[in-house]
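Worksheet for the structure shown next.
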Amino acid sequence: MTSNLFGAAIFGCDGARLSPDERAFFADANPFGFILFDRNLESADQIRALTSELREAVGWSAPVFIDQEGGRVQRLRAPLATDWLPPLDHVDLLGPNAEDGMRLRYRIIAHELMALGIDANCAPMLDIARPETHSFLRNRCYGSNLDQVVKIGRAVVEGHEQGGVFPVIKHIPGHGLAQMDSHLDLPRIDVSAETLDNIDFAAFRPFADVAMGMTAHLVYSAFGETGPATTSASMIRRIRDDLGFTGLLMTDDIGMQALSGTVPERGAASMEAGCDVILHCNGDLAERIALMDRIGTMPKASQARAEAALARRTQPQDVDIAALKAKLAELEQGRGA
């Protein structure tokens, strides 16, 4: 691990390989990590080379993140990785075997990610589905029942950790009631504080010990909020104090239109609210430079949480992936337990 302060960002990169300018920027900025998207994924050898380049640029084994939920939100597809049903559809298919089946699913996903040099996945998604949940989110959920979401979410965490991949719980403190796509608009949640506390927020309390989590770009009006949780100091305090989350707290993508202002302004507002690290997925190098100029390195408390998260990095357990896939197929067919 580096002995330097971490830049308070997780950055994307432009393409399949780093440009000299990107390499120089990352070396100077020392971001906490990196995140990959379709534009970065061409072949297995290329992805391994890119993840190595990213880590070489900062001089330490920085985590490399991806969104590999399965279904619509799945950056790696065949032949690079297994194609999966949307999570909610897979849960329905597995029926009473959902907990065991989803643990296997994400253990297989972790294996496929690690083989490419990727060691952090933005899952599990602990948002609780409702009939009115926006379609951009609904089939990415694990269920509409609190107990089910918690049980499956824990299995997903275990599958990742058994495979040496950091899980990232999201979207704290709960995105399931959103009726707008926060990539495009700012959803407003108008239900009572009691409903939120007993259902949506309650899904995250059992995961207070997970190493990393991601905020929700939502307004929770029951608490007198007028802006998104990501940039609200009172909501970040609620995540820390009421939900008890002790891990590294990253923003959802700072480029989403649920947030207002310029990207540097959004990043600064999130840091001031108490987020530990800014997730910047898109935009050109100039935008990254402008953001970094504004947010700088992590505050002392955030640095400590980052170091604590990294200290929980695990080595993958030896496993027969073919046997796991066969077991998962049995569970899907209603056999086994």
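Starting from 1, each residue takes its place in the sequence as its number.
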Can you tell me if [X] and [Y] form a side-chain donor-acceptor pair at under 3.5 Å?
{"X": "His217", "Y": "Asp252", "result": "no"}
{"X": "Trp60", "Y": "Asn4", "result": "no"}
{"X": "Ser232", "Y": "Glu225", "result": "yes"}
{"X": "Glu158", "Y": "Gln162", "result": "no"}
{"X": "His160", "Y": "Asn121", "result": "yes"}

Determine whether [X] and [Y] fall in the same hydrophobic cluster, where Ile, Leu, Val, Met, Phe, Trp and Tyr are linked whenever their side-chain heavy atoms lie under 4.5 Å apart.
{"X": "Val150", "Y": "Leu177", "answer": "yes"}
{"X": "Leu146", "Y": "Ile189", "answer": "yes"}
{"X": "Val263", "Y": "Phe34", "answer": "yes"}
{"X": "Val73", "Y": "Ile47", "answer": "no"}
{"X": "Leu88", "Y": "Tyr106", "answer": "no"}

Report the residue from Leu93, Val91, Asn139, Asp92 that forms a side-chain contact (heavy atoms from CB on, under 4.5 Å) with Leu85.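 Among Leu93, Val91, Asn139, Asp92, the one that satisfies the side-chain contact (heavy atoms from CB on, under 4.5 Å) with Leu85 is Leu93.
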
Heavy-atom pair of closest approach, residues [X] and [Y]:
{"X": "Thr82", "Y": "Glu112", "value": "OG1-OE2, 2.6 Å"}
{"X": "Val210", "Y": "Ile169", "value": "CG1-CG2, 3.9 Å"}
{"X": "Ile295", "Y": "Gly267", "value": "CG2-C, 3.7 Å"}
{"X": "Gly163", "Y": "Ala110", "value": "CA-CB, 3.9 Å"}
{"X": "Met114", "Y": "Val165", "value": "CG-CG2, 3.6 Å"}
{"X": "Ile236", "Y": "Ala273", "value": "CB-O, 3.4 Å"}

Rounded distance [0.5 Å steps], [atom1] in [X] versus [atom2] in [Y]:
{"X": "Phe25", "Y": "Arg288", "atom1": "CZ", "atom2": "CZ", "value": "7.5 Å"}
{"X": "Arg312", "Y": "Leu248", "atom1": "CZ", "atom2": "CG", "value": "11.5 Å"}
{"X": "Thr251", "Y": "Met256", "atom1": "OG1", "atom2": "CE", "value": "9.5 Å"}
{"X": "His171", "Y": "Asp200", "atom1": "NE2", "atom2": "CG", "value": "13.0 Å"}
{"X": "Asp284", "Y": "Ile289", "atom1": "CG", "atom2": "CD1", "value": "8.5 Å"}
{"X": "Leu328", "Y": "Leu94", "atom1": "CG", "atom2": "CG", "value": "6.0 Å"}

Side chains of [X] and [Y]: does their closest heavy-atom pair fall under 4.5 Å?
{"X": "Phe223", "Y": "Met235", "value": "yes"}
{"X": "Lys327", "Y": "Glu330", "value": "yes"}
{"X": "Gln46", "Y": "Leu116", "value": "no"}

Parallel, tilted or perpendicular for Phe201 and Tyr220, by the 30°/60° rule? perpendicular

Using 30° and 60° as the class boundaries, would you call the ring planes of Phe65 and Phe32 parallel, tilted or perpendicular? tilted

Can you establish whether the number of heavy atoms outside Glu132 located under 6.0 Å from its atom CD is more than 12?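 For Glu132, atom CD is crowded (more than 12 foreign heavy atoms under 6.0 Å).
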
side-chain contact (heavy atoms from CB on, under 4.5 Å), that's the test. Do Val191 and Leu196 meet it? Break it down for me. CA-CA 7 Å; Val191 301; Leu196 290 167; 3.7 Å; yes

Please determine if [X] and [Y] form a salt bridge, counting it only when a charged side-chain N lies under 4.0 Å from a carboxylate O.
{"X": "Asp119", "Y": "Arg55", "answer": "yes"}
{"X": "Arg138", "Y": "Asp127", "answer": "no"}
{"X": "Asp21", "Y": "Arg23", "answer": "no"}
{"X": "Lys170", "Y": "Asp67", "answer": "yes"}
{"X": "Asp241", "Y": "Arg237", "answer": "no"}
{"X": "Asp209", "Y": "Arg154", "answer": "yes"}

Aromatic ring proximity Phe207/Phe245, centre distance under 6.0 Å: no

Ring centres under 6.0 Å, that's the criterion: do His175 and Phe136 meet it?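 Distance test on ring centres: under 6.0 Å, yes.
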
May I have the step-by-step check of salt bridge (charged side-chain N to carboxylate O under 4.0 Å, His left out) for Arg107 and Asp100, ending in yes or no? CA-CA 11 Å; Arg107 177 62 184 90; Asp100 290 338; over 6 Å; no

Take Asp197 and Arg205, measure what salt bridge (charged side-chain N to carboxylate O under 4.0 Å, His left out) needs, and give me the verdict at the end. CA-CA 10 Å; Asp197 195 58; Arg205 289 195 180 94; 2.4 Å; yes

